[in-house]
Amino acid sequence: MRVKELSDRLCVTTDTIRYYTRIGLLKPDRQGNGYHSYGKREMQILKFCMCAKRLGFSLADIERIVNMSEHGQTPCPTVREILERNLDEVKEKLEECQLLLVRMEQAQRAWS
């Protein structure tokens, strides 16, 4: 399938697909007419990217995981490590936001 069809199927912009192709994350076949042809592998990687991004994984993290998988290595320990790091960061941000909320509510009461 071409980039537009993949884009429509997964609700991802064509620019995102082209960028992932340019950096080597997606490796479509080249057709005789010069167009890229995206298959099941690219669709699976793109689905994984979308899920991983929602979990706070960086593009570098995603590339690392995909490369490990492609080279026959089990990425599970790496995924757990990244999730733990992301969880710690989210917890820290949540605490900061809770403190900010308290300060804002105090300020609102003081200025009422």
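For the numbers below, each heavy atom of this structure counts, side chains included, while hydrogens, waters and symmetry mates do not.
- Annotation: side chain of Arg85 is in contact with side chain of Ile82 (closest heavy-atom distance under 4.5 Å).
- The pair Arg9-Glu5 counts as a salt bridge, with a side-chain nitrogen and a carboxylate oxygen less than 4.0 angstrom apart.
- No continuous path of hydrophobic side-chain contacts links Met104 to Leu99 [ILVMFWY only; heavy atoms under 4.5 Å].
- With hydrogens and angles disregarded, no donor-acceptor distance shorter than 3.5 Å links the side chain of Ser37 to the backbone of Asp29.
- Placement of Leu6 and Phe48 within a single hydrophobic cluster is found when ILVMFWY residues are connected by side-chain heavy-atom separations under 4.5 Å, directly or transitively.
- Remark: the backbone N or O of Val3 is not paired with any side-chain donor or acceptor of Ser7 at under 3.5 angstrom.
- Taking 4.0 Å as the cut-off between side-chain N and carboxylate O, Asp61 and Lys53 do not count as a salt-bridged pair.
- The CD atom of Glu81 sits 13.0 Å away from the SG atom of Cys76 when rounded to the nearest 0.5 Å.
- Going from atom CG of Asp88 over to atom CG of Leu83 covers 11.0 Å, rounded to the nearest 0.5 Å.
- Distance check: Thr14 OG1 to Asp8 CG gives 9.0 Å after rounding to the nearest 0.5 Å.
- With Glu42 contributing its side chain and Gly39 its backbone, the two residues share a donor-acceptor pair below 3.5 Å.
- Atoms CZ and CG, on Arg30 and Asn33 in that order, are 9.5 Å from each other to the nearest 0.5 Å.
- The main-chain N or O of Gly56 is found under 3.5 Å from a side-chain atom of Asn86 such that the two form a donor-acceptor pair.
- Under a hydrophobic-cluster definition in which Ile, Leu, Val, Met, Phe, Trp and Tyr are linked whenever side-chain heavy atoms come within less than 4.5 Å, directly or via other members, Met43 and Tyr19 are assigned to the same cluster.
- Met68 is not connected to Leu55 by any chain of hydrophobic side-chain contacts under 4.5 Å among Ile, Leu, Val, Met, Phe, Trp and Tyr, and they are in different clusters.
- For the atom pair CD1 of Ile62 and CZ of Phe57, the computed distance is 8.0 Å after rounding to the nearest 0.5 Å.
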Going through the checks in order, is the side chain to side chain contact (heavy atoms under 4.5 Å, CB included) test met by Gln31 and Arg2? CA-CA 10 Å; Gln31 296 176 334; Arg2 290 188 182 166; 4.2 Å; yes
Between Ile17 and His36, is the side chain to side chain contact (heavy atoms under 4.5 Å, CB included) condition met? List the steps. CA-CA 11 Å; Ile17 296 169; His36 287 120; over 6 Å; no
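- A distance of 11.5 Å separates CG of Leu25 from OG1 of Thr16, quoted to the nearest 0.5 Å.
- Linking Ile, Leu, Val, Met, Phe, Trp and Tyr residues whenever their side-chain heavy atoms come within less than 4.5 Å leaves Tyr35 and Tyr38 in two separate clusters.
- Using a distance-only test at 3.5 Å, with no hydrogens or angles considered, no donor-acceptor pair links the side chain of Ser69 to the main chain of Ile65.
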